[in-house]
Structures are given as C-alpha cells and as structure tokens.
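In the text below, chain A, chain B and the rest are named by the order of the sequence lines, each starting its count at 1.
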Amino acid sequence: MSAERGSAAEVVRVENLAKDFRVGLRARRQRVLEGISFSVRDREIFGFVGPNGAGKTTTLKILMGLIFASAGHATIVGHDVRETEFRRHVGFLPENPYFYDYLTGREILQFYGRLCGLSSARANERVKTLLDWVGLAHAADLRLRTYSKGMLQRIGLAQALVHDPRVVFLDEPMSGLDPIGRKEIRDLILRLREEGKTVFMNTHILTDVEMLCDRVAIIVKGQIRYEGTTDQFLEAGKRETDIVFSSLPPEMASRLEERGAELRGVLGRLEIRVAEKDVTDVLREALAAGAEVVSVAPHRASLESIFLSAVGKAQQRGDSR
Amino acid sequence: MRSVVRIMTLALNTVREAVRNRILYTLVFFAILLIGTGVLLSTLSYVERERILEDVGLAAIRLFGAAIAIFVGIGLIHNEVDRRTIYTILSKPLSRTEFLLGKYFGLLATLWLQLIIMSGAFAVCSLLTNAPLTSAHAAAFVLIGMELALLVSLATLFSAFTTPMLASLFTVGLYLIGHLTRNLQDLGQRSEVAAVRELTIILHRVLPDLESFNLTTHAVHSLAVAASDVWFPLIYGVGYCVLVLCLASVIVERRDFR
C-alpha cells in the first residue's frame, strides 16, 4: 500500500469499503468487496486495474452513488458519496454506455446540461465546445442510433464533461473499440489531464495503464493488492538483467548454467538472464574467461506479467484458505 | 427552483421519447378506430343510437388510456436500469426522487396529451352523429385523467422494485380490484360475519376506489354533475397519488441500481 496516503491534494478518498450482495432464493449475503482503501490525487490519471469480476465496477458504482456500501466510507472532493452535492464535481462514463438513441448528439448533451443545472444559453455553449472537443461537430444533428461504437464513446465522454467537472470517472473507456477508436479516446484522456482534470479509470487493458496512468491500484477478488505509482509497480518486475555475448567460452557457459542462469542462443549470439544482484560477478568472471560482451540490459517485466503474478499469488492465497 | 427545472427536463424528455415512439401512436390510432366503430354500431340500432356511441367511445378511451398507463408505467424505472441509461442520469447532481418525479410527470403528460386527442376524436364523432355533448362529458374526461394519474403512480411504484412482468400483474390486479371495491364492500355488508364486514370496509378504504372516477353514466344519460362529484374524487386521487409516489420515492432512494 502507498505510504503517501493522506496527502492534502486527495480528491477521492476510499476507506475500508465493503459490499455484500444478496444472492439466491434465501438472499444469502455474499461479500464482493472487502476493506477497499485507496486515494486519488488532484490532476492525476489513476488506473483501477483488475481482472473481470474483481470488483472494479462495483467500487465505481459505490463512488457514483448508484449502489450503497455495506461498510466503509468514501468521499469525493470532500463530500460523502451518499450526498448529491459531490456530483457537481464529477463526470461519469459507464462501461458500454447506452443513451437515449432517439435523441441527436446535440440533444443528448443539452439534456444532460440542463440536468446539471446549466442555463439554456450556457448549455448550448458547452454543447458546441464539447462537440468540437470530441470531434463530433459533423454528427451533432444525427440520432444516436446511427452512431458507431467509437462515436458513442466520444459522446459519452462529452456528457461526462458537460458541467465541467473536476474529476472524471471512466469505466473501461476503451472496451470494444478498434485501435483507431482506442487511440482517439486515449488522446482525449491525456487532454483531460492537460486541462487539469483528475481521471479515475477502471480498466483491465494493461497497455493503456502503462501509457496513461500516473498511479494504479490493483484489485483482485474484491481486495486491493497494490496501490502506488505505475513506475513503482513496473519497478517490481525489474529484478533480472539480460547479458548478450558475441562469444563465450564453453566452460564459462557450463559454469553459468550450473549457477542457474538461463542461456539462449540468439542469431549466433548467446543471451543469458541473470539475477540483478549477480550481474557484476557474472560480467567480471566472463570477461576474465575471455568472453566478449555485446550488451547489458535490465529485463523489465511487462505490466501484464507482474499483474498476472499478483493475481496468481492472490488466487493461491485464496485456494490455501 | 433548480429541482423543478431538473424534473421538467426529465419529464419533457419522457414526452419526447413517447412522441418519437411509434407504438404509442398505434395504440391511440386503435382507440380512435374503436370510437369510430361506435358510430358504425350506433347506425345498426333503431333505438338509443347516441347511448351506444357514447358507451363504446368512453369505454375505448378508458380502456386504452389504462392500457397505455399500465404497460408504459411498469417499465418506467425498470427500463432505465435495464438499459443502463440511469447510470449517467444519476451521476448528475439530481436526487433519485427528482428522477422518479420527472419520469412520472413525463408519462402523465404524454397520457393526458393522448387523452386530449382521444377526447377530441370522441367529440368529433358525437358532433357528426348529433349526439349531445354536455358538461358531464368534460367532467368524465377530467376524472379519466385523474384515474390515469393514479394508475401511472401505481405502475411507477411497482416498477421501482420489481420486474415489468410482476409490476404488470400487480397493477392490472389493482386496476380490476379498484373498480370492484365498492361492490365488494356492498357484498360484505350483507354478510352475517362481522370480520368479513370489517375486512371489506378496510379493503375499500385502503385499495384505490377507481369507480369514484367513473362518470360514464352521467355523461351517457346527460345527468347533472354536482361540483362535489368532481372535486372529491380529484382531492382523493391527488392524495392517493402523493402517498403512492412517496412510497415509491422511499424505495428508489434506498435501492441499489446494479
């Protein structure tokens, strides 16, 4: 867990959140979230990452006041999420959003603007700005039923911003989009940060996390497994180093194998992966034995492999219980 | 004031949805067709032509109005949850009760608009066949409007916590019982068992008395309508709607929208 929790610039604060759902005919309680705690700081892109069914959307629905926590407490911009007031500062784009498809792009944004308490003139002004911002000015007067998935996602982002909120919550914003659509949404999210917004993003697409998020929290089986910067998270995987030799005496190669190093032949060269702590010793020994070194590079595990390892450990813990 | 604007925005959008939804046009078309059928039926009779026309016409308006109220009302909240449109709406700074009231008044406005259209068609048919149009007709239409308001509130209540299938069963059940509670009470009073008499009185008081909104007999026979025949049912109807909507609001404010 992050040691930096409690900083003054927190805009979202979640403490020991738990949620029970009632299932089956006898309405048995099933705990789906347990002791969820994390915080989101001002003007950062925060990734809430986890496999399907981990509890990401349930957490987000509690934050949006759509469902109520069974225990714990959450505040957004200092307001309890059970209040209505905090929603003046919040925009929300649900996963695979559905809007009234009998309305046009312009009408739906005017509708949401009026719901947010904007005057008619102010709503019209915001609608025009946002349609330009998301690149849908050309489709403003088409009904939403004619929109593509990417266009719906962009109009969804526009409705989340119609009242110029401080924090924007996105649930799987890239879900189901083609590569072009994903890039468009990714660029818009980066622009949100440039404009000083805080972005909270639920996702299981790890490349998006690597490209966008300043900090992440990993949720597995309803519990937070990690919270910290994305860089710190990636650092966790930087424990091995790849050394490539153009030539390596056979006796040296056998000695390295005996020590547990992993050897691979690549294009006439020999690559070994050694633990970070052994790099100096291996290099000194190999050079003394007459080896020629081509490169030395830290092996950075992908976010995906670190994530899978975290999920695997969590599952093992769950199985052993 | 802002609350009123938000409720109005939701209500206007609900009306707009109905206006752009062709199914409702179809229902109104069939209602008008049935009113027109009354003209045809009245020409087949030598006696009481006007009475046949008015009976069929008013019955068509009541039945189609009730059908639209029930079958659109039962999905009013459920459909928003099912289609997940409620997620983006409730993430805006408005309360769940405002949402409920916006949807309720939107559907009510739609139904009243349709009632005006059907009443207009009825008036045209009456004028074409020289059937009398009196103040009793106007009073009958006003009370049909009130009955529809009550039916929508009941459908909205059930829509707030159950599936459309169950909500339709409950609402149709209450609609039928609501037209029978007076008869039930009369029957109960003839019983020799005191508990049965008490029970039918309680049922009559608790369940909606929809027959109090029925001025068809006055309209058909051109009977004089006393002011109290209109005001009392209106006050009763508004009070009942407020109670039902308060109950719906308590449910909506507490439930999880999963």
Heavy-atom pair of closest approach, residues [X] and [Y]:
X	Y	answer
A/Met64	B/Ser91	SD-CB, 4.4 Å
B/Lys92	A/Ala160	NZ-CA, 4.1 Å
B/Thr88	A/Pro94	CG2-CD, 3.5 Å

Report which part of [X] has an atom under 4.5 Å of a heavy atom belonging to chain B: side chain, backbone, both, or neither.
X	answer
A/Arg82	neither
A/His89	neither
A/Leu93	neither

| Stepwise, does the side-chain contact (heavy atoms from CB on, under 4.5 Å) test hold for B/Arg6 with A/Arg114? | CA-CA 7 Å; B/Arg6 288 192 289 264; A/Arg114 296 292 283 153; over 6 Å; no
Counting only heavy atoms not in [X], do more than 12 sit closer than 6.0 Å to its [atom1] atom?
X	atom1	result
A/Lys128	NZ	no
B/Trp112	CH2	no
A/Arg88	CZ	yes

| message | Side chains of B/Arg258 and A/Thr58, heavy atoms from C-beta outward: is any pair under 4.5 Å? | response | no
Quick one: which of [options] has the most heavy-atom pairs under 4.5 Å with chain B, could you say?
options	result
A/Asn96, A/Val162, A/Val90, A/Ile62	A/Asn96
A/Phe86, A/Tyr112, A/Phe99	A/Tyr112
A/Phe92, A/Tyr102, A/Tyr98	A/Tyr102

| query | With the threshold set at 4.0 Å, does a side-chain nitrogen-carboxylate oxygen contact exist between A/Lys19 and B/Asp256? | reply | yes
| said: Whether B/Arg254 engages the ring of A/Phe68 as a cation-pi pair (distance to the six-membered ring centre under 6.0 angstrom, angle to the ring normal within 45°) should be assessed. | reply: no
| query | Is NZ or CZ of A/Lys61 both nearer than 6.0 Å to the six-membered ring centre of B/Phe257 and within 45° of the ring axis? | reply | no
| field | Heavy-atom contact with chain A under 4.5 Å, split by part of B/Arg96 | value | side chain
| query | Quick one: what part of B/Arg20 sits under 4.5 Å from any heavy atom of chain A, side chain, backbone, both or neither? | reply | side chain
| Side-chain donor-acceptor pair present, A/Tyr100, B/Glu80, cut-off under 3.5 Å | yes
| field | Closest-packed option against chain A by number of heavy-atom pairs under 4.5 Å, given B/Arg16, B/Arg2, B/Met8, B/Arg255 | value | B/Arg16
| query | So among B/Ile89, B/Leu90, B/Val5, which one has a side chain to side chain contact (heavy atoms under 4.5 Å, CB included) with A/Leu115? | reply | B/Ile89
